[in-house]
Structure formats: structure tokens, C-alpha cells
Amino acid sequence: MMKKLLLLTVVGLYTLTSHGQKKTVDQRVDSVLRLMTLEEKVGQMNQYNGPWAATGPLTNDDKLLDQIREGKVGSMLNATGVARTRELQQLALQSRLKIPLLFGQDVIHGYRTIFPIPLAEAASWDMDAIRQSARIAATEVSAAGVHWTFAPMVDIARDPRWGRVMEGAGEDPYLGSMIATARVKGFQGNGYGKTDAVMACAKHFAAYGAAVGGRDYNSVDMSLRQLHEVYLPPFKSAADAGVATFMNSFNDLNGIPATGNSYLQRDLLKGQWKFKGFVVSDWGSVGEMINHGFSKDNYEAAMQAANAGSDMDMESRSYIQHLVKLVKEGKVKMTVIDDAVRRILKKKFEMGLFDDPFRYCNEEREKAQWNNPAHLSAAREMAKKSIVLLKNNGVLPLAKNSGAPRTIALIGPFARAKSDNLGFWSYDWPDDSARIISVFEGVQRKTGPDTRLLYAKGCNVNDTSTAGFAEAIAAASQADIIILTVGEARDMTGEAKSRSSIRLPGVQEELAKAIIATGKPVVVLISAGRPLVFNHIADNAPAVVYTWWLGTQAGDAIADVLFGDYNPSGKLPMTFPLTEGQIPIYYNYYSTGRPATSDSDRFYRSAYTDLSLYPKYPFGFGKSYTTFEYSDIQLSKKTFSAKEKTDVTVTVKNTGNYDGEEVVQLYIRDITGSVVRPVKELKGFRKIWLAKGESKEVVFTLSVDDLRFYNDKLQYIYEPGDFVVYVGGNSREVKEAGFTLLK
Ligand code: BGC
């Protein structure tokens, strides 16, 4: 009763004007701000990690719980579950002003139900499905008391050695921007504040994916033009889609750590882009500016980060220890603090937490979302769409009912794997082994009594032992069909998981050689978090399927594809190199004065003498069980003015024997510009379904907005002149036509 009364008083105080009218959110924020001491304001800017040792109960080891009671903590991360979040929220409500805590969590590709890793989902090029995946993740984690996910990661990545490529949408700014929007909308639903939605967080601002050498946390030095052209567009799209928060990044950008970078956070994000949400630092990144050699100590780091526009300090404790003093000494203005706190409080109001701090703490809902079968089937759909068929010499799809006895051998370290299917940034739940579907189980469910399944592991993921080869070869020699599973273990690609070699780890490639050498029909499944190099397999196996890390439903989704219940439609969102020596390699590079045009051109070339020019698989590549034929491109206008548009039309025909989906991709090239332009830039795509024999006309409309770029003064302009437009099923095999933009 007492508690309820107290809550009502607080709610009343924050909701009504002195005349009894309903206050706007801004008025409510101001009414709280006016009551706050400087210490309480700084408390709101402080975020701590959850106070659990490993799996045990709340601990007060470093007096964290006392700090929550004293109003010195504004947000927590890694505190999930209704019981835990309720406990912590109750502590916050013991503070003088009873300002509720915000709970944040890394929900990168699902919470209870794990979806494919984001890079895999990007291969679907299916914005509705990607939005739905984020929607479901939000539904599950919000039911566990969490308000905020640290996703989407929208960093463009052109270097597969960088471990965090798995978290993003790949190398392309256009595709990356579309996906950023889809994910933000999915997480935030019809507007955060509904209890089945969470606030999203666009990270890592900015250019974290361009770390030198693909080594995580490394420096980034690039022209502002490249920053704007390649790395910022997905962030801008996330901001335009209404993302609630941004996270800055560990790297320095052109000499200034992103956390202390006021060009990024103040001038661009909060200035030009008019972003009204708040910026959280990355884990400890405020304090890490000391290691960068940018800040002398945590006192200086707090000053630099706050002044540069980092509103919340994740775990470095620099703000809580030094901001009060910094304000008193005039090093950080009160207006800077007020602006940060206003932004944070506004989100708490918008999430409805001042009205009911426990509105996300509903045990019934938590229970109902814990085992939601609709989520599992959506995860299976998403997983099917994420798979990329790289090669098929007619082995696939496999027949479900063989009609006669047959033997399928499942070989390799991932054939019976469970948690490796989940990939990095996923959670382990006690009943995982029952919930996660292995490839073996998926195949078992598809096949009847005519089919005998054999299993041999062959080798471990990452050691030197070939002791299991003999058993694997014996199983292979008894089989009519072999499904060989190779790839990376779950923790080999992810944060701090950069690799200089992106080959198959351990002796897996040797195992593959031995199995392929049996001459039997071998289907190789490659399970990984990044593009890998696997040339012997690519060149010699009859069929190769890139399955990434597909999540809880991996095995069923893979079996759907293997047995033809789903015709694969995924397309690579990153270029796959031939060897590491080609890295960085990406499709939208600039031309040079001596452009290499073919591998036989050995002298006049901007390429290596000992390597092909071409990647193993180009951006946008992916096969189907059917084939698609593209007509020539028709343009409604071959010359047009800035006020006009042109329609680009192609007819795509399904010329094979299966119904299927195709991702029709449109690229442009600006032939001459006041600054050099990429040889190709993706500007549109459509995913279409065609029954066998069916044709469809696909129409794209181009306007000057599709032809804009950043000039050397960072103006986003278009220039009259000649262009080429390309349309095709990947970035390499395309039809082309020319057009002219008039003055
Ligand atoms: C990562 C972030 C993540 C944060 C909190 C950091 O190490 O870079 O992406 O959100 O930890 O877990």
C-alpha cells in the first residue's frame, strides 16, 4: 500500500502541470531534471554490468547495489529475466527521486530463439524477414524485463579477417542501409514504449569495421569522403528510421578516439542529423582513451568523452568518479550534463518507465514467450533464406524418398553439432541440446526407412589429429551420398576474433580432400561466421552450400534446402576472396589509371602478378536449383534531366526445372565525376518469385537521388554526364545499358 502511494506521488509529480494538465514528455523530463542534484544527474549517465558472479544471486561486492539505491546508476547491462530486473528496479525505486533503471542487453540475433547471425540474414536480401527476425528477438527479450538491445551493428566491413563481420550486413552501404532500417523497425516495433518492443542501438559509431588489417579495435584512418560515402550511410538510415540510441566505438578515427570525437557525435549525429536519442559508450571505451594515448587519466577521459557527446559511460566508471568534480571545476559545462541527462530521461519516459517501472516485468508474458513455437518456425524460415548455394553439379536437391535402399553418410565435426550452430553473440540455455536441431537430426527427419544414415566425425574443428579419417573414409565408401560438414566453431568469429588465415581450421580441409577423393557425390556444408577460403572444396566438390551459423533451427533449415523443400535464394553480402592476399577485396572499388581488365593482362594492371584479379565469389552471388535468364535492359529515357526519372526494365525468366526466387540487382557506374567513382554501386534490388517457365518484368526507377555522391567538399551532389546501369543476379554477371543525365 505504502509502496503504491509512493509510486503514485512520483507519477503525479512527473505527469501533471501545476494546473492539472497533462505534461508533454519534454515538460516531464524538465520537471525531473529540476529536482535533480548534480550527483543524481551524473548517476543517470552511468551504466554498470549486472551484479552476478556467474549464475548466482545478486552480490554487492563493489557496493554496486548501494549505488543503485543512491541514484548513482542510470542503466544496467546483462541483467535479464523478470525476477532479476524486478529486484534491481526495486533498488532504484529506493533512491531519492525513484528514477527507474534502463536494462540493456546484446540481443544480436535472437534471445531465447537464436536466428541466423546478422551476416547470414543479410544474405537473404529479404527486408521483411529481417525485420521479423528483429521483431521476434524484441518480443522475447522484452518479456524478460529488458528495455534496450545493443543492436543493430551497422558497421560496413570489407575485411573478412575482422571477427565482427558476422554481426553486420556485409560490405555494401546500400544493402547495409536497407538492413539497418529493417532491423531498427523490427526491434522498435510500432514505436518503442509498447511492451513487446525494445529500443535499438546503432553501433559502432563510427568506422569500427575499417580497423587496419582487420585486427579488432585497431585504428582507422580514412578520408572524410570515404567515411561519408561508405561507412556512414547505414548509421544515417538507422537515425532516419528513428533508432533510439547510438553506441560509439573502440577505434580512433583519424587520430581521435570515437568516444572522444565531437565531429562524429556533436557535429554530425546530434548536429547535422538532428539525432534526439542518446549515445552510450562502448564497454570501457571512455577509460580506454588513456591507452589510446588521448587522455592522461580517467578524469581527463571523462571530460573529453562528455564534452564530445558521449552521454552514457558503459562500465569505465570515469563519469561516476569524475564528472561532478569536472563540472565544479568548470571543465564540463552544466549544459553538457543537462543535455545528456535530458536525452536519457526522455527515453525512460518514452518507454513508459516513469508511469510503471515494472511494466516489462510480467512473469506470465515471460513464460508465454519462453517457448513460442511461432518463433521457432520463423527462425527456420529465416535460416532457409540465409543459406547460399555456391555450387551444384546436379547432386542437389536430394530425393526424400529414394525408392530403393540408400545410404547417406554424414561426416565432419559439425554433423551432430548443436551449440556451434548458434554462433557468437548467442545465449546458452539449459535445454539447448533438445531445442537446437543438428544437421544429422534435420536429415533424419526428412528421410524414410529406405535411407540408412551413417555418421563419422572425421576430425575435431581445430586440432591436428587425423585419427578419425579412416572411420570417415570407411563410412564414405559405404555411402551413396555424402554430406560433409566443415567450418568454424562458434567462437572463432566474433568480437576479438580476428584471424590472419581464413582457411578451414585444423585438418578439415585435409578431411575434405580425402572424402572428395572417394569420387562419391559429396555435398559440402560450410558453417562459419565470415567468408572463408576453401578452394579445394570449391573446385572439386560436386556441391557446396554456405550455411553460416543459422541458429536454433539450423538442421531443419539445411535439410529443407538439401531435400528441395526450399529452393535456395541467398546471395553473398560480402565478396569471398580467392586467398587472404587479395584482402581487402570488394566489388565497389574505384577505377585506377591502369585498371586491370583480365588475368591475361600481365603488365598493365593494378593487381598482383601472382594472384588472379577476381575473387572466388563476387558480391551478390548465389545459385538456385533453377536458372534465370535476364533480357536486355530497356530504359524509358536514355537522356533525362534532374527533374525527370528513368525506368530501368528487365524481364527475368525462370528457365530451369524448379520454382524459385531470384534477387535482381541493379548497379550503376558514373563514368566521369569531379571525384573518382566506384566501378559499380548497388542502387536497387528486388527479390522475386518465379514458377518454372514464368517470366516477370522488373522495373526500377532511377532519379538524381540515386546518382548522388560526396564531392571533395563533402557536398552530397549529382553531376550531369554519362552513366552505365547494370542489372543481373550478382555483381559480376550483368546486362548493361548507358544513359545520360542532362545539365
Ligand atoms: C562490444 C559492444 C557490446 C558491448 C556490451 C562491447 O565489447 O563492442 O558491441 O554491445 O560490449 O556487451
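For clarity, every value in this text was computed on a predicted model and none was experimentally measured. Order of listing sets the numbers, starting from 1, for every ligand and every atom in it. For reference, positions follow the sequence shown, starting with 1.
- In terms of the ring pair (Phe, Tyr, Trp, His ring centres under 6.0 Å) criterion, Y48 has no residue partners (sequence neighbours excluded).
- Ring geometry for F619 versus W125: interplanar angle of 30 to 60°, hence tilted.
- The side-chain hydrogen bond (donor to acceptor under 3.5 Å, both in side chains) with Q304 is formed by just one residue from the set S318, S295, S262; it is S295.
- The protein residues lying under 4.0 angstrom from ligand 1, judged by non-hydrogen atoms, are L77, D106, F150, R164, K203, H204, M247, F250, D282, W283, M314, E495.
- Within the structure, ring pair (Phe, Tyr, Trp, His ring centres under 6.0 Å) contacts touching residues 155-202 (residues at least two apart or in different chains) are W162-Y208.
- Pairs of residues two or more places apart, or lying in two chains, that qualify as ring pair (Phe, Tyr, Trp, His ring centres under 6.0 Å) and include a residue from residues 226-247 are F205-F235, F205-F246, H228-Y710, F235-F246, F246-F275.
- The number of heavy-atom neighbours closer than 6.0 Å to NZ of K497, taken from other residues, nucleotides and ligands shown, is above 12.
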